[in-house]
Amino acid sequence: MRGRLVTSSPMTRTQDGATRAAVEVRMEGLSRHYGPVVALDRLDLTLQPGELIVLLGPSGCGKTTTLRLLAGLEDADTGQIFVGGKDITRLPASKRDMGMVFQAYSLFPHMTVRQNVAFGLRLRHVGAAQRDKRAMEMLELVDLPTQADRYPHQLSGGQQQRVALARALAIEPQVLLLDEPLSALDAKVRAQLRDQIRRIQLEVGITTLFVTHDQEEALAIADRVGVMREGHIEQLAPPTEVYSRPATSFVAEFVGLSNRLTGEVRDGSVVVRGFTLPLVEHDRPNGQVVALVRPEAVTLASHDAPESGPLVGTVIAVTFLGATSRVTVDLGDATILAQLTTADASALPAGSRVALTIRPDPVLVSASSDPAVSAAGEEA
Amino acid sequence: MAAVTSLGETPIAAPARRPTGMQAGRRRRLNIFRYVVFTIFGLFFLLPLLAMARFSLEAPNKLGTWSLQAWRQIASYQNTGIPPLLSSIELTLELAVITCAVILVLLLPTMIWVRLRVRWLARTIEFLCLLPLTIPAIVLVVGLAYIYNRIQRVELSALMLFWVYVILALPYAYRALSAGLTAIDVTTLSEAARSLGASWFAVIVRVIAPNMRAAILNAVVLTVALVLGEFTIAYLLLYTNLQVELYSISRNTPNAGVLFSTSLAALTFTFALLLIVSYAGRRRRGRG
């Protein structure tokens, strides 16, 4: 379901089996300052009904602040928030009808799992029998019906976060908010729970805002990814577009790895080390630039292979990543990264001469005068 | 939907390894040290209590004869010029209950609120709460005498002593509650409850307070112990609480047995409270 963009109004399933329309969430001109620090700078963001948007960015970029303003846990300095067309900017958190899962384990330690899930329903004066039935339904949704009578300290971290998800969904909120819910879990459980969250979100059809600093997580489950920097959104687009057509050099460097290669723009394309590549921004003026080239756009072949190209280098390192491997090639005046399948990379040990080819994917260029050719950004 | 449980999640707690070799020897020596210390301190506290029990059980004017007369007299004892013993016991217990209630109602929401919303005020609140520790009781009495003089003039109950007891118990209750608040993630728990629709009142009563049960019980025990043992202020402000009554008995009666039986009963009551708190805390921790 990657890249699914909801354009119609999907329906949310309610506890009596009925359905109701998922809501649109609109944030307009939201600003938030902490003393002299600008956490959010006139942010505009709209979540379509039933859509899952992931806010991605480095620490301090304002993603958690955005989520907390939407939840009502903090007040915006300026701007408005609309949910289903209704202005909720001044509504307290307890009246916003939003389910939230926190980064820290937030289950109430003195209650059993069942009581935790039913807590919101109890506050809404739902009868004991119905409350219990709903709690068990939610626990079945997160595959934990057998843990109903346990206490939080008897559960693993992943189980606790699933109960927190069940608790958030039990009240049938209009919006689901997830504040880095997987960051405290180990890699395997994180991947499992990530997929489960996405499956449940699609099943329930609820409008969801998910905050993370993990790009793999963001790209894996989002309908759209919003890459944030210094209190504003640099790019809001489906994951494939954010990755393959980054809007800014910050997005290109933050999402995935990029090689920074010097080149020259000539009539709407850029020539990099003898390869002509299309530009993301076609209206770029001619001149010297730095092109951001993804490692997977670089292919390697043994230098004596018949199809070897004009660009030649020496393999200096091969990093095993599982199904793929990352190969570092010394070009003499610089190094370049290439990402290959492990089977292909195994044929190119360190020290072997290789011919490089750059696939003609659209690339982003920056006018940076820095000629250094280096790897930049975070590991994808 | 596939069960994710089966795919490798492990419980947080892992079984402890059994100590061997030098570890076992060290543990044995540590245990012996513990028992020795426990025995010495036990005797230090127990011997005076046993002496009190012996004196309280000795028949008046008949040395070497045992009698429960002093214990029976707790409820009915009265001497000239002082109120009945039972009434001062009642007064002290009522004062303990009122002081505990006021302390908890005032302090608990304030501390939670400061922790959640006005953290910059935390140091000031801590300073104010600990301040009574630095003020001698006699200085407090001088300051409070004027107020209590007026209270006595309109013939208000001795229960009005609770105001000054609240001030006296503030540092101890604050420390106990502060330790309890530090032990839980108040911010996340309250935000989780708020997002589920809980009012601030529900957050405090249904979420935070139940998770501070041990801390609240500790605050209550410390407050009760303080009220049961308070003498100086009540005496100087001319109220007759349990300690003042015991003092009066010791000065005015040849029947020392009642003095010892009542003192021992008050101490036993406090110890019993401590045991209950300790048991309640252990039961909570050990659940599951």
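Each chain gets a letter, A, B and so on, in the order the sequences are listed, and its residues count up from 1.
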Which heavy-atom pair separates B:Ala198 from A:Ser94 by the least distance, and what is that distance? O-CB, 3.3 Å
Determine the minimum heavy-atom distance between A:Ser106 and B:Thr188, stating which atoms define it. CB-CG2, 3.5 Å
Which pairs with one or both residues in residues 164-194 of chain B pass ring pair (Phe, Tyr, Trp, His ring centres under 6.0 Å), sequence neighbours excluded? none
Spatial distance of atom CZ (B:Arg206) from atom CD (A:Gln115) [nearest 0.5 Å]: 12.0 Å
Answer with side chain, backbone, both or neither: which region of B:Ala202 has an atom nearer than 4.5 Å to a non-hydrogen atom of chain A? side chain
A:Leu185, A:Asp195, A:Leu73: which one forms the most heavy-atom pairs within less than 4.5 Å of chain B? A:Leu73
Need one label for A:Arg68: side chain, backbone, both or neither, based on atoms under 4.5 Å from any heavy atom in chain B. side chain
Looking at chain B, which one of A:Met100, A:Arg124, A:Arg122, A:Lys95 has the largest number of heavy-atom pairs inside 4.5 Å, strictly under? A:Arg124
Chain B: which of A:Ala93, A:Ala164, A:Ala71, A:Ala168 shares the most heavy-atom pairs with it under 4.5 Å? A:Ala93
With a 4.5 angstrom heavy-atom cut-off, is it the side chain or the backbone of A:Phe108 that approaches chain B, or both, or neither? both
Tell me whether A:Tyr34 at atom OH has more than 12 heavy atoms from other residues, nucleotides or ligands lying less than 6.0 Å away. yes
Is the closest side-chain heavy-atom distance between B:Arg194 and A:Pro92 below 4.5 Å? yes
Under 4.5 Å from any heavy atom of chain B - which part of A:Leu107: backbone
Between A:Ala104 and chain B, with a heavy-atom cut-off of 4.5 Å, which part of the residue counts as in contact: side chain, backbone, both or neither? both
Got a second to check how far B:Arg213's CZ is from A:His110's NE2, nearest 0.5 Å? 10.0 Å
